[in-house]
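Here is the structure we will look at.
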Amino acid sequence: MPTSNDALVMDEGKIDRTLTRMAHEILEKNRDLESLVLVGIRSRGVPLAERLALKIREIENVSIPVGVLDITLYRDDATTIGPHALLKATHIHFPIDGKKIILVDDVLFTGRTIRAALDGIIDFGRPSCIQLAVLVDRGHRELPIRADYVGKNLPTAREESVEVHLKEEDGRDEVHIVREGTTSRKAEGGSKRA
Amino acid sequence: MTPEAGFRLRHKHLLGIEPLESDEIRLILDTAESFLEISKRPIKKVPTLRGRTIVNLFMEPSTRTRSSFEIAQKRLSADSLNLAASSSSVSKGESLVDTARNLEAMAPDVIVLRHPAAGAPHLLSKVCRASIVNAGDGAHEHPTQALLDAFTMRQKKGRIEGLEVAIVGDLLHSRVVRSNIFLLRKLGAKVRVSGPPTLVPPGLEKLDVAVETQMDAALEGADVVMMLRVQKERMVHGAFPSLREYFHLYGLTFERLRQAKPDAIVMHPGPMNRGVEIAADVADGSTSVILEQVTNGVAVRMAVLYLLSGGAVGELAA
């Protein structure tokens, strides 16, 4: 719900062009596509990982496997503030030993989600390396974590929140900056506060 | 159900199925789906309950339930402690409340209690700060068993609502049947029960189930056939003349199973008395889901412990 404190920063075309560029960057950096896999972090990292896989297929005609990671059980606040969202399953149906994993999420914020995701991935095996791709980096890191591929660097104030809407989850492709208190769906954790 | 409200339990304890709302039951079952996957990983462990202490207080013998809870706790990285009646001060005459207060002094987060007396977990929930999980109290309730049964039914049949469920056996001593009836009725299944008249508790029909004396009548057209164990250790005096006669009248054979739907599944909470309530070939047959119940039990108990350990929850259970 747009309000006066709600700014649209990316629309459908911009998100699509950004993902195309990120796909090219991923291909530029990883010449060995045999060992490349994408893992999306629930919830909005998953459609982003699928879109990147589609773009890589369009460019190189290679299918990259896509896994789904739910980091709820690895959160550092899982038992202090309780469940954030309905726990959903992790689906990584391919061996990850020796693979190059590109972890995909919508917003990089404190880095805590990524910390949890790294723990989650490592419980599935020993990848040769893990890289991080995010649609938006909004700053305010609390851990020494950085992204390898960034769609858009978005300077924000801490009290603002970044809302990513994707067609697969929300029916439309948009990124907004929302001033706290006016948000239509308060970022209650999950991928929103990454 | 709003999406935001649907991911927390409104209770601090799991004392039974009766106090739960249907959306809470669905939440536990949905959460358990995700935990099923963890048991298939090479590293079957997540760090979620790291640093949490769980006491398994078993005042009655149990292998399946206790080991299932124990594995669930280990896979969630909780620290667990097992106390059995035979090896504790209970055998020296300590009362349940005193045992609980002493345990409480060691600050456990969850106490899983199996007790021969109905209501023991409720008593404990009033004197302890820890969350209490009822792992079977007398002939009252066994909520995690009913949850794993429902989970298995949903997995095999795709739904609970509208299922015809036949429960056959010793209804008098069974806590499993009571929890199952509460759960299945709350989720919209129809329940018929059958057993020797001496083992049917009076007033059972008030729980909105059909009570049939003839086993065949209960089985007719059923989607699920759940057999209950004949609890020989609880039979004070002859409720029926002989085990052979029991098998003749209430034992599940392939012959009898023909009354149920062709795709009916056969369940049993274990431990089984082969040749008493269930024929060995039925127990091992393709329609039997008895071992899947055991597998699912771990995932369901992980879900319960996870949801109860989710920090501050609102009201306390009555």
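Given the structure is predicted, the values throughout are model-derived calculations rather than measurements. Proteins come first, then strands; the chains are lettered A, B, ... in the order of their sequence lines, and each starts at number 1.
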### Task
Evaluate the side-chain proximity of T72(A) to Y306(B): yes if any heavy-atom separation is below 4.5 Å, no if none is.
yes
### Task
Spell out, as yes or no, whether a donor-acceptor pair under 3.5 Å connects the side chain of R185(B) to the backbone of A189(B).
yes
### Side-chain ion pair, E12(A) and K167(A), N-O less than 4.0 Å
yes
Show me the side-chain donor-acceptor pairs of residues 129-136 of chain B shorter than 3.5 Å, one per line, residues at least two apart or across chains.
{"unit_1": "S131(B)", "atom_1": "OG", "unit_2": "K12(B)", "atom_2": "O", "d": "2.8"}
{"unit_1": "N134(B)", "atom_1": "OD1", "unit_2": "G136(B)", "atom_2": "N", "d": "2.7"}
{"unit_1": "N134(B)", "atom_1": "OD1", "unit_2": "D137(B)", "atom_2": "N", "d": "3.3"}
{"unit_1": "N134(B)", "atom_1": "ND2", "unit_2": "L15(B)", "atom_2": "O", "d": "2.8"}
{"unit_1": "N134(B)", "atom_1": "ND2", "unit_2": "D137(B)", "atom_2": "OD1", "d": "2.8"}

### Proximal component of K40(B), with respect to chain A [non-hydrogen, under 4.5 Å]
neither
### Query
What pairs meet the ring pair (Phe, Tyr, Trp, His ring centres under 6.0 Å) rule with one or both residues in residues 26-74 of chain A, with sequence neighbours excluded?
none
## Note on the structure
Under a 4.5 Å heavy-atom criterion, the part of residues 115-136 of chain A in contact with chain B comprises I122(A), D123(A), F124(A)
### Query
Do N82(B) and E70(B) come close enough that some side-chain heavy atom pair is under 4.5 Å?
yes
### Query
So what's closer than 4.5 Å to chain A heavy atoms on I38(B): side chain, backbone, both or neither?
side chain
### Query
Among L76(B), L36(B), I43(B), D109(B), who wins on heavy-atom pairs under 4.5 Å with chain A?
I43(B)
### Message
List the residues meeting side-chain hydrogen bond (donor to acceptor under 3.5 Å, both in side chains) with D79(B), not counting sequence neighbours, and say none if there are none.
### Response
none
